[in-house]
**Q** 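Mind looking over this structure? Questions follow.
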Amino acid sequence: VVSLNKQIQSYGRRGLVREAKRVFDAIGSLRDGFSWNFMLIAYTRNGYLRDAEDLFEKMPRRNAVAWTAMLVAYAASGHLDDAERIFSEAPVKDIPCWNAMLSAYSRNGRVDQSRQVFDLMPQHSILSWNAILSAYARAGHLESAKHIFDKVPDPDLVSCNTIMSAYVNAGMLRDAKNIFDGVAMRDMVSWATLLSGYTQHEHVCQAREVFFSEMPEWDLVSWSLLLLMHSGSGKIADAKHLFDNFPQRDLVVWNSLLTIYTQNAHFELAKLTYQRMPEHDSVSLTLMLTSHLEAGNVHEAENIFVNMPWRDLVCLNAMLSGYAQAGHVEKAKCLFDSAFAKNVMTWTGMMSGYAQNGYLTEAKLLFDDMPQRN
RNA sequence: UCGCUUCGUGCAAG
């Protein structure tokens, strides 16, 4: 059973969910707690939220690992309410579980609540420190991030990479570079963080210098960063040339090309890319939906949206704004009312939809109803 | 034998 469990784990990690399930079923009644957990994680890691929920319900026993895996799955898909519910229902909350709740808030834009969790938890591991550091980095609170970084008991490479990304997000590339230079054992994340500073802020020469002359090796992350650098300047042909010469392309690389076409309003190229790519995920669907909206094809966008196999909050927000901008305020409102979740983007999209179409009273009423206003 | 932290892709306004 132990070796079959390891097979489930291995299939899950490689994205082969059906194969994992086949092994899980084959074990039958000999299944132990590990079998259930590995199957659950195979689902959660690959975005099979519904299957994960079903399995979680059927589990004969649930330990802290299962509760935490479920919590992370909800948080990653924007279901913050469900993540909170799982956390409060979990009978045993160990440090990883607290860490997961902390990150759940930060991933969903709630830094203050991340901090509350950090202050409430019984102990801190290095992962807790890195998680709160990352929460501030993501939120753009550079001073708080620096303050935390100075208090981390034993900063590791992840801590250094995270404070670096805090500087990058704040546009302070000299400081990011200083941290980078002070790190002895850099990994590919350190290199990617530095490179992303230059590409995001369109320091083209420095980006090329790092990429072509300094990096020890290239991976999918560095390729896609370089590719996206061409989006802001609209150098479509250069981007396509790079893309054609990549040794490997994963879904993110394909989506990055689609992003460039979408952001530069090349509808036909976007459509062609979309048709040619080997698979689609929520990001691809949202990009194609956005391309259709830009081209004025509201019905095509709608078609993608209603046929989506999963719920996705970002995609819902894109559709909502699309309706609003096309003047379909009533459809936007309908989508808003029936939304499976709402975040700041959902509320903002609906409000600006009202405002742009002259419904100022409704916009104000909605503003007053908005929770977590800041 | 399992879960939690850092890097690349999508949504409003700017």
Side-chain angles (χ1 to χ4, degrees), chain A residues 1-6 8-9 12 32-38 40-41 44-45 63-72 94-104 106 125-135 137-138 156-166 168 187-196 199-200 219-228 231 250-260 262-263 281-290 293 312-322 324-325 343-353 355-356:
Chain A
V1 174
V2 171
S3 81
L4 290 172
N5 286 345
K6 285 180 174 171
I8 301 177
Q9 180 187 36
D32 62 10
F34 287 99
S35 325
W36 286 93
N37 283 347
F38 284 135
L40 180 69
I41 292 157
T44 57
R45 276 240 211 281
N63 64 7
V65 173
W67 287 93
T68 306
M70 207 57 226
L71 194 166
V72 171
D94 58 6
I95 302 299
C97 186
W98 283 91
N99 289 344
M101 193 64 235
L102 195 168
S103 297
S106 110
S125 67
I126 181 64
L127 274 69
S128 323
W129 285 98
N130 290 339
I132 188 67
L133 186 56
S134 159
R138 268 198 275 255
D156 62 5
L157 182 56
V158 172
S159 324
C160 295
N161 289 340
T162 308
I163 192 68
M164 236 177 94
S165 85
V168 165
D187 63 2
M188 286 307 286
V189 175
S190 323
W191 282 102
T193 305
L194 181 69
L195 181 62
S196 78
T199 58
Q200 273 168 35
D219 61 6
L220 290 163
V221 174
S222 46
W223 285 113
S224 51
L225 281 167
L226 199 68
L227 184 59
L228 284 162
S231 186
D250 69 354
L251 185 52
V252 174
V253 170
W254 278 98
N255 282 339
S256 300
L257 184 66
L258 192 54
T259 299
I260 294 174
T262 300
Q263 286 176 353
D281 64 0
S282 300
V283 176
S284 337
L285 292 165
T286 306
L287 282 162
M288 197 61 238
L289 183 148
T290 305
L293 288 170
D312 185 275
L313 188 51
V314 174
C315 191
L316 186 149
N317 292 343
M319 191 67 240
L320 180 74
S321 313
Q325 278 164 27
N343 64 11
V344 191
M345 285 296 193
T346 325
W347 286 89
T348 313
M350 193 63 238
M351 276 190 309
S352 55
Q356 281 170 21

**Q** I need the CE-P distance between A:Met350 and B:A13, as an integer number of Å.
**A** 14 Å
**Q** Using a 4.5 Å cut-off on heavy atoms from C-beta on, say whether the side chain of A:Thr348 contacts that of A:Asn317.
**A** no
**Q** So A:Asp312, base contact, sugar-phosphate only, or nothing? Heavy-atom distance under 4.0 Å.
**A** base
**Q** What does A:Ala131 touch in the nucleic acid at a heavy-atom separation under 4.0 angstrom: a base, only the sugar-phosphate, or nothing?
**A** sugar-phosphate
**Q** What is the separation between atom CE on A:Met345 and atom P on B:A12, rounded to the nearest whole Å?
**A** 7 Å
**Q** Without decimals, in angstroms, what is the distance between A:Leu102 CG and B:G3 P?
**A** 19 Å
**Q** Expressed in angstrom and rounded to an integer, what is the separation of A:Met351 atom CE from B:G14 atom P?
**A** 14 Å
**Q** Just to be sure I understand the rule, does A:Asp94 reach a base, reach only the sugar-phosphate, or reach nothing, if contact means heavy atoms closer than 4.0 Å?
**A** base
**Q** I need the CG-P distance between A:Leu157 and B:U6, as an integer number of Å.
**A** 13 Å
**Q** What does A:Val168 touch in the nucleic acid at a heavy-atom separation under 4.0 angstrom: a base, only the sugar-phosphate, or nothing?
**A** nothing
**Q** Out of B:G8, B:U1, B:C7, which has the shortest distance to the side chain of A:Val253?
**A** B:G8
**Q** Side chain of A:Thr259, backbone of A:Asn255: donor and acceptor closer than 3.5 Å?
**A** yes
**Q** Is the shortest side-chain heavy-atom distance between A:Ile41 and A:Gln9 below 4.5 Å?
**A** no
**Q** Go through B:U9, B:U6, B:A12 for me and flag the one nearest to the A:Val252 side chain.
**A** B:U9
**Q** Looking at B:U6, B:G10, B:C11, which one has an atom nearest to any side-chain atom of A:Thr286?
**A** B:G10
**Q** Could you check which of B:G10, B:C7, B:C2 has an atom nearest any side-chain atom of A:Gln263?
**A** B:G10
**Q** Between B:U6, B:C11, B:G10, which nucleotide gets closest to the side-chain atoms of A:Val189?
**A** B:U6
**Q** Just call it for A:Leu220: base, sugar-phosphate, or nothing, with non-hydrogen atoms closer than 4.0 Å on any strand.
**A** base
**Q** OP1 or OP2 of B:C4 sitting under 4.0 Å from any side-chain N/O of A:Arg45?
**A** yes
**Q** Is there a donor-acceptor contact under 3.5 Å linking the side chains of A:Ser125 and A:Ser128?
**A** yes
**Q** Can you identify which nucleotide, out of B:C7, B:U9, B:C4, has its nearest atom closest to the A:Thr68 side chain?
**A** B:C4
**Q** Strictly distance-based, threshold 3.5 Å: is any side-chain N or O of A:Asn63 a donor or acceptor partner for the main-chain N or O of A:Ala66?
**A** yes
**Q** Checking all strands, does A:Ala66 fall into the base, sugar-phosphate, or nothing category for heavy-atom contacts under 4.0 angstrom?
**A** nothing
**Q** Counting side-chain heavy atoms from CB outward, which of B:U1, B:G3, B:A12 is closest to A:Ile41?
**A** B:G3
**Q** With a 4.5 Å limit on heavy-atom distance, are the side chains of A:Val168 and A:Gln200 in contact?
**A** yes
**Q** Has the side chain of A:Asp250 got a donor or acceptor that lies under 3.5 Å from a partner of the other kind on the base of B:G8?
**A** yes
**Q** Quick check for you: among B:U9, B:C2, B:U6, whose closest atom lies nearest to any side-chain atom of A:Leu287?
**A** B:U9
**Q** Is any side-chain nitrogen or oxygen of A:Gln325 closer than 4.0 Å to OP1 or OP2 of B:A13?
**A** yes
**Q** Give the rounded distance in Å between these two atoms: CG of A:Leu257 and P of B:G10.
**A** 13 Å
**Q** Where the side chain of A:Phe38 is concerned, which of B:U1, B:G3, B:C11 is the nearest nucleotide?
**A** B:U1
**Q** Checking all strands, does A:Thr162 fall into the base, sugar-phosphate, or nothing category for heavy-atom contacts under 4.0 angstrom?
**A** sugar-phosphate
**Q** Mind checking A:Ser159 for me? I need base, sugar-phosphate or nothing, with any heavy atom below 4.0 Å counting as a touch.
**A** nothing
**Q** Would you mind telling me which of B:A13, B:C4, B:C2 lies closest to the side-chain atoms of A:Val65?
**A** B:C2
**Q** Determine whether a donor-acceptor pair (N or O, by modelled atom type, separation under 3.5 Å) exists between the side chain of A:Ser103 and the backbone of A:Ala100.
**A** no
**Q** Could you tell me the separation between the CG atom of A:Asn317 and the P atom of B:A13, rounded to a whole number of Å?
**A** 12 Å
**Q** Atom CH2 of A:Trp254 to atom P of B:U9: distance rounded to whole Å?
**A** 19 Å
